[in-house]
Every structure is written in structure tokens, then in C-alpha cells.
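Structure first, commentary second.
Here is the naming used below: chain letters follow the sequence lines, and residue numbers restart at 1 for every chain.
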Amino acid sequence: MGRPYGLLRAGFPFHKTLGMRRLTNYPIDLALGKEDRLFILCRSEGTALIRKYSTEDADLGSIGIYGDEPGQVTWPVTILADADENLYLTDEALHRVTIIDSEGELIDSWGEEGSGPGQLNGPAGMTFDAEGNLYVVDSLNHRVQKFTREGGLLGGWGSYGCGEGEFNMPWGIAVDELGDVYVADWRNDRVQKFSADGEFKMAFGTSGCGDSEFNRPSGVDVDRHGDIYVVDRGNNRVQLFNEEGRYVQQFIGDATLSKVAISYMMTNAYPNRLRDMAKLEIQKLLRWPQSVVVSEDGLMYVPDTGSYRVQVYRKEAVELNELQFAPPRRAPALNI
Amino acid sequence: MADEDLGLMAHLLRRAGFGASREELEAYAAKGYDEVVEDLVDEERCPPIDEDIIKRYFGGEGPDFRSGAWIYRMINSPRPLEEKMALFCHHVFATGFAKVAHALAMSDQIDLFRRIGMSNIREILLELSMNPAMINWLDNNENIKGEPNENYGRELLELFSMGVGNYTEDDIKNCALAFTGWTYAQPVPLYPHGYYSPEFLFRPEDHDYGEKTFLGHTGNFNGDDIIDIIVEQPATARFISRHLYNFFVADEPQVPSWNVTPPQDPEAIEILSDAFMESKGDMRHVLRTLFKSDFFKAARFKRVKSPAELIAGVLKLVGTYRTPTPGMPRYHRAAKLMGQELFNPPTVEGWHTGQEWIDGGMLTERINFAVDEVSDASKPGIQALIKRLRAAGDSLTPEQFVDTCLDLAGPVTLEDKTRADLIRFAQSGGDLVFSSNGSANGETDESTDRIILMLQLIVASREYQFA
């Protein structure tokens, strides 16, 4: 199915909050599984686990994965799930990709530290393409490399710098349904878009905190309309852009208490009293988000790292055809 | 470059920072002593540490994670005195997680100390009085009109500014009254979504606006008026100067005895006090005076290293953790085992220093830590040291072997007997002869094994415990 000619953007309301401290401490990324399952990747120093979770805020168990043995990760960055719910993890400390099943059993692990072709130094973002190959952001080598699922090198591009096709410690990565690749060029405060084989197509963003400005963007995803979601980590927000990289809106956080949080607080009188004494607006805000995942049905999941939860938004947009959406125009108008 | 220059520069960097790698040391020495002092006290002359990197790679909620990140700063900051003054403030204005129980408030306080540690004493005491962790630690959140709590008022005078014997009980009561209503706004609590920073709050309805007499001054004093009076007192100049001397120059007796035990170097305290008074408590000016003084330059190895200094110094020597690497919290735990749990000093007095850093158990921890760290020949600092040793010649006599190791590991100055013992040990293996293929790849050969053993003996020496 191709992209719509245009969109009638009806809204993008906050939908729900998932998780809480103890269940989802420091969530940094998540993968969408089958039957409304989520695999939430949690990382802090000395800890790494995958919380299996439902989209209805139910804890389905966890997989402890911290360590440096085969099947373990030390500094995971990205989690992906394939159609069988096998889980793919980058590890920027051990410079490898680890693949486990949904119970945590090791399937495969590949990657070695270095800067040569196929070697990795601080692998961060990772995404599947339509063929099931993997793009890996080789962050400290300032490049993107493409691998088979088994770790066979298929290609790559990028070097250190701030020109087109150059990177400075890139982080997140996404592929759209056309095969184009989007990279959060972390230290250059921009997003770059490439063809599947690394041909530069466009870049947007500059340093700052205004619209279309970034403070160390870390995550990126693209939905089926071509809308681009960028986690503007240093500004504690997600910015939404259309397929041309034009700013649409930002998300700064809207969290309410999750179901599990409400349940937990029912038996905690003292913190409830303290909450009543505090100004609560601040707890809505995103804190150091670093990834964003958009589902086929238009839900945007933002692991709200600093607040131990996932904030979920729901896209409301009506697809328009040529009769419903006028041709592009440059000049603004006041006549309607 | 004269050995004396390097030795003096190493002394400065051990005290004003946390040591230096050999390469750093030579770069500093090339600048010249006075210029380096200016770089240290005027931190804007050097770039800050890369905060982006810290934010990207270091995460974790508890004090051990936050203190691990702090130790990373100690090792890597281009502004080492900034970190050292943060540690100084943490020691003198001691606040502990054991009671505060809010890791973010504690790390906020360390950030504050990093930011204002080299400002002036008025700003330091004012910010300290408004700091939520301190307010909680010394109960000023419960200091309200009609029901005063004198805890903060007392410690402000006794431990943070003037010292016992320079004020009366009435001064304490009136000081406390001036700080009534100085509290913090209730932050959103830890559950269910993590810590939020508390912020200072002045509650007028809880403040005692009555007339107060403090150190001979009378008025409707608020807390900042009290601090204005405190910072003008010669007693404050002497007390803070003695703290600086104890922290940067040579071990003094513990603080509670200061009102009865005179300083070991009254002239030095006088010089620092004069600098303090003439600059109205400008810490940069006092520190510049200190580091350029003859008494400082003559004070090599006159202080027992604090655990934080020992750990950071050893890590500088072995060259690890110069880029983000997992595992920093282990050094928080190591410091704790040595008696200095960062973020959690034992009491409001801070840590007892000098010989009290050393008892049988803690000395064992210190030595085991250092020996373990230098045991891995693949570490970059050890590799660099071996390379320099090789550059000294294909073969070194036992005396050359010992002296070059001592030089490259510090320079470390040993007592004659200790040095003689090391030479005797080295003689048992004969000359140190390097094999032709070397050990640059980290593989051990006989010469590498002997070098590691010698380094282990050096860092296990009594003298290495001193800064």
C-alpha cells in the first residue's frame, strides 16, 4: 500500500502510560511483539533486563540479560523483535549483536570490536529492512553497516564529520517502507536520510531547542505515512516531521499514572500524602527519552527513560486523495 | 625537563586534582608551575568535561551510580580543581544519603559544589543554606517560627564557618531564628516514576521576623544577613583556611580538636587567612595563594591520601576509564571499603582524615586495590610505562630499574630504607633485560612480570599512601 497523497491531521492525543519504577526502571527501547506483547529494554549501570509487558499494562515477566557471557549484554542500546519474537540486541560495551529467544535463550551472537569492515565500535541503533537484514549504527566508527541476520556484512557507509553522509557518534536508525534509511546523527544535531545503499537524500535539524532544532537527537522512527519521529533527547521531547522533514509538532510528555502505578499506590499512604503536597505538573514531562517506536496502527511508544515508564500516543489522521488535498503551494494564504 | 619540575608538578596535581598520567604531567610541566596554577584556579581557561558523553553513557539511580560517574569526572575532567573543590565541599559541608535518602538531591548538591566550590565563601554558605539536601540533613525544614530547630544554625557556625569558641549559645539561637522558613518545596516522591529534584522554598509564614542579636549585631536578620556577618569574621577566615590547609597541604588533627589544638603551621594559616580577608572570601584567590606558597611546595607526601584520591590516582596511573566504560560503581564500593563512602559521609563532621584513613582493614583494602589495578600489563597506562622503561635502555641495572619505575609511577619519593629494599629485591633478578620482541602487545614476558611486580611493591609501600 502506497503512501497517501495527503493527510488530514485530526490530532495525536496522549493515549496511556505503561509501567512504573521497579517494573520498568530506565526503559531505553522497546520492541513490538505478537498479541499485544511488548519487550521493554531496561538498562542502567550494572543492570540490563527485558520486561515482557502487555499493552494493557500487565507484567508478563522479565529476562535478566546483564553480563558479558554469551547471551548477555552489558550496555544494550536497541531491541528488535522478529516475526518469531526472537530478540535482537545491540551492545555498545561488548561491540556485538546478541540474538535470544523470548525466553532469553541464546540463538546467536556476532560482532567484534574494531574499525575494519564488519567490525563494530559502540553499536547503538539497529533496525530491520524489508528483507530482514539489519542496519547497525556503528556509533564510535561514525558509520552505518548493513548485515545479514547471521552477521554477514552486506555493506555500509559513513565516516566522521558533519558533511552529507558523515556522522558524529550517530545513535538511532529507522527504515521506512520504501527502504530509505534515517539516522539520528547525535552529535551533529540532525537527522540524515539515505537510500537503502547509503546515497544521501536529505538532512534536517540544527542545534537548539526550537522547532526543527535538536539537542542531541537519539532515536528515530518512521510510520506508514512517511512521518518521521525524532527523539530530541537533550530537549526532553519527541518532534514529529512530515516525510519532507517539515516540522509538524512536538511531544513533551503527558503521562498519567499507569494502571500498575495506581494499584501500587493504593497501599502506600505516605507517598500519597507527599504527592498531594507536591506540584504534579512536572511528572507529565518526558525525561531523557532516547528511542521511539511507532506501530502499524498508529501508536507511538516513547520509553520515558528517566521516569521509568512508557508514554503512548495515538495518531489520528485521515488519508486524503488528490481530490481532497490541493496541490503543493509555496505561498501562505488568508482567503479561506 | 628537570626532575624537580616534574616532581613539583606531580605534587600540585595530586593535591589540586587527582594525579596525572605521565603524558599529562609532562604537558603541565611544559607550561610552567604558575601558569598551571592559573589554569587550575581559573577553570574557564580550560574546557569543561564532555557532559554529553556522561549523559549518554552513565545512568543509574542510586548513590553508587552517581558517585561512579563522579569518579569518572575526577579522572577525566580538564578542570581537576573543580572536582577537587567539590570533594572538599562534600567533606566540609558534609551531607549524607543515610538520612537524606534522596539520591538526586545528593547528586544535585555535588553538582552545586562543583559549580560554586571556587566562588566566594558568601555564595557558598548562602547556596548551602538553600540546598534541599542540606536543609533536610540538618532539619531546617522543621525550623519554623515559634518552634525553632537549631541544628542547622549550630552547625553553620560550628562546622561550616567559624568553629567552636567563636560564638555564644545565644548566637546559635538567633542564627537559627534567622533561618526559620528556609525549607524546600515538596518534590514529587520517588514512587511511581522516580526522583524529582527538590527546590528551595522560603515560607514567609514560617519565618521569624523579630529582632535578633548575632555576634554583636542587632536587626531583623534573615539568613542572608547572618551569612554577611559570618563571612566578615576573622574566625571564619581562620577556620576555612585551616580546612583548606588540612585538605590541600598537610594533615591536621581532627576538626573537633581545633579549638584547643593550634595549627601545626600557624604562619601558613595566617597567610591563607589574610588572603581570605583581603579578598572577602574569594576561594580562587585563597587557593592561588595556597598553591603558590612555599609551605605548599614543601609539603610533598605530607598528607595521607583519601580513598577517593587513592582510587582516582591509581586509575590515572593505569590509564583505564579514560573513555566511558562499564563498571564505574565498583570504585564507589572500593572507596566505601576504604572508609570513604561518597555521598554518605559518616556524620556532619565529614570524614576524619590523616592517619584515621588507615587502620588494619582499610590499609589492606587500599593496598589490595592498588596492587590489583597495576597487575594487568595490558592496561594502557602500564603499557605506556613499560614502553618508557624500554626507551631507557635495553638493559637496566637494579638501581635504574627501581628508580625509573618510581619516577614513572609518580614520581614517588621513598624513604632510603624502602628504596634500598626495592633495589635488593630487584638485584635478586639481576639486570632488567628486555627481550627483542618486547611486550607492547600486553603479552607477558619475564621483564614485564618483573615490572608488574615492582609496581605492585611501589603501590603497596607506606609512602604511596601519602599524597
Discussion item. I want to check something: taking the side chain as every heavy atom from C-beta on, are B:Tyr196 and A:Arg287 in contact at a cut-off of under 4.5 Å?
Written reply: yes
Worksheet entry | Atom NZ of B:Lys99: over 12 foreign heavy atoms under 6.0 Å | yes
Worksheet, complete the sentence: Separation between CD (A:Glu45) and CZ (B:Arg330), nearest 0.5 Å, reads 8.5 Å
Practice prompt. Provide the closest heavy-atom pair for B:Pro189 versus A:Leu274 in the form atom of the first, atom of the second, distance.
Written response: CG-CB, 4.0 Å
Worksheet, complete the sentence: In this structure, OG1 of A:Thr47 is separated from CD of B:Glu61 (nearest 0.5 Å) by 10.5 Å
Discussion item. Using every non-hydrogen atom in the two residues, find where B:Gly60 and A:Ser44 come nearest and quote the distance to one decimal.
Written reply: CA-CB, 3.9 Å
Worksheet entry | Which portion of A:Gln290 sits near chain B, non-hydrogen atoms under 4.5 angstrom | neither
Worksheet item: Taking every heavy-atom pair that is under 4.5 Å apart, which of A:Trp186, A:Tyr270, A:Trp288 has the most such pairs with chain B?
Response: A:Trp186
Practice prompt. Please flag which part of A:Met265 lies under 4.5 Å from any non-hydrogen atom of chain B: side chain, backbone, both or neither.
Written response: side chain
Worksheet item: Side chains of A:Met169 and B:Ile53: does their closest heavy-atom pair fall under 4.5 Å?
Response: yes
Discussion item. Can you tell me if A:Arg273 has over 12 outside heavy atoms packed within less than 6.0 Å of its CZ?
Written reply: no
Discussion item. Report which part of A:Arg216 has an atom under 4.5 Å of a heavy atom belonging to chain B: side chain, backbone, both, or neither.
Written reply: side chain
Discussion item. Any side-chain to backbone donor/acceptor pair from A:Tyr308 onto B:Pro192? Under 3.5 Å, distance only.
Written reply: no
Worksheet, complete the sentence: The interface call for B:Phe65 against chain A, heavy-atom contacts under 4.5 Å, is side chain
Discussion item. Check this for me: B:Glu147, atom CD, are more than 12 non-hydrogen atoms of other residues, nucleotides or ligands nearer than 6.0 Å?
Written reply: no
Item to complete: Pick one of side chain, backbone, both or neither for B:Pro187, based on which atoms fall under 4.5 Å of a heavy atom in chain A.
Response: backbone
Fill in: CD1/A:Ile262: more than 12 non-hydrogen atoms of other groups inside 6.0 Å
yes
Worksheet entry | Heavy atoms of other groups near B:Phe200 CZ, more than 12 under 6.0 Å | yes
Discussion item. Counting only heavy atoms not in B:Glu23 (residues, nucleotides, ligands), do more than 12 fall under 6.0 Å from its CD?
Written reply: yes
Worksheet entry | B:Lys145 atom NZ, over 12 foreign heavy atoms within 6.0 Å | no
Item to complete: Please look at A:Leu140 and chain B and tell me whether the side chain, the backbone, both or neither of the residue comes under 4.5 angstrom of a heavy atom of that chain.
Response: side chain
Fill in: Part of B:Tyr57 within contact of chain A (heavy atom distance under 4.5 Å)
both
Worksheet item: What part of A:Ser139 gets closer than 4.5 Å to chain B, counting heavy atoms only: side chain, backbone, both or neither?
Response: side chain
Worksheet, complete the sentence: Turns out that what part of B:Arg56 lies under 4.5 Å from chain A's heavy atoms comes down to both
Discussion item. So for atom NZ, which belongs to A:Lys16, do other residues, nucleotides or ligands contribute more than 12 heavy atoms lying within a distance under 6.0 Å?
Written reply: yes
Worksheet item: Closest heavy-atom contact between B:His193 and A:Thr256?
Response: NE2-O, 4.2 Å
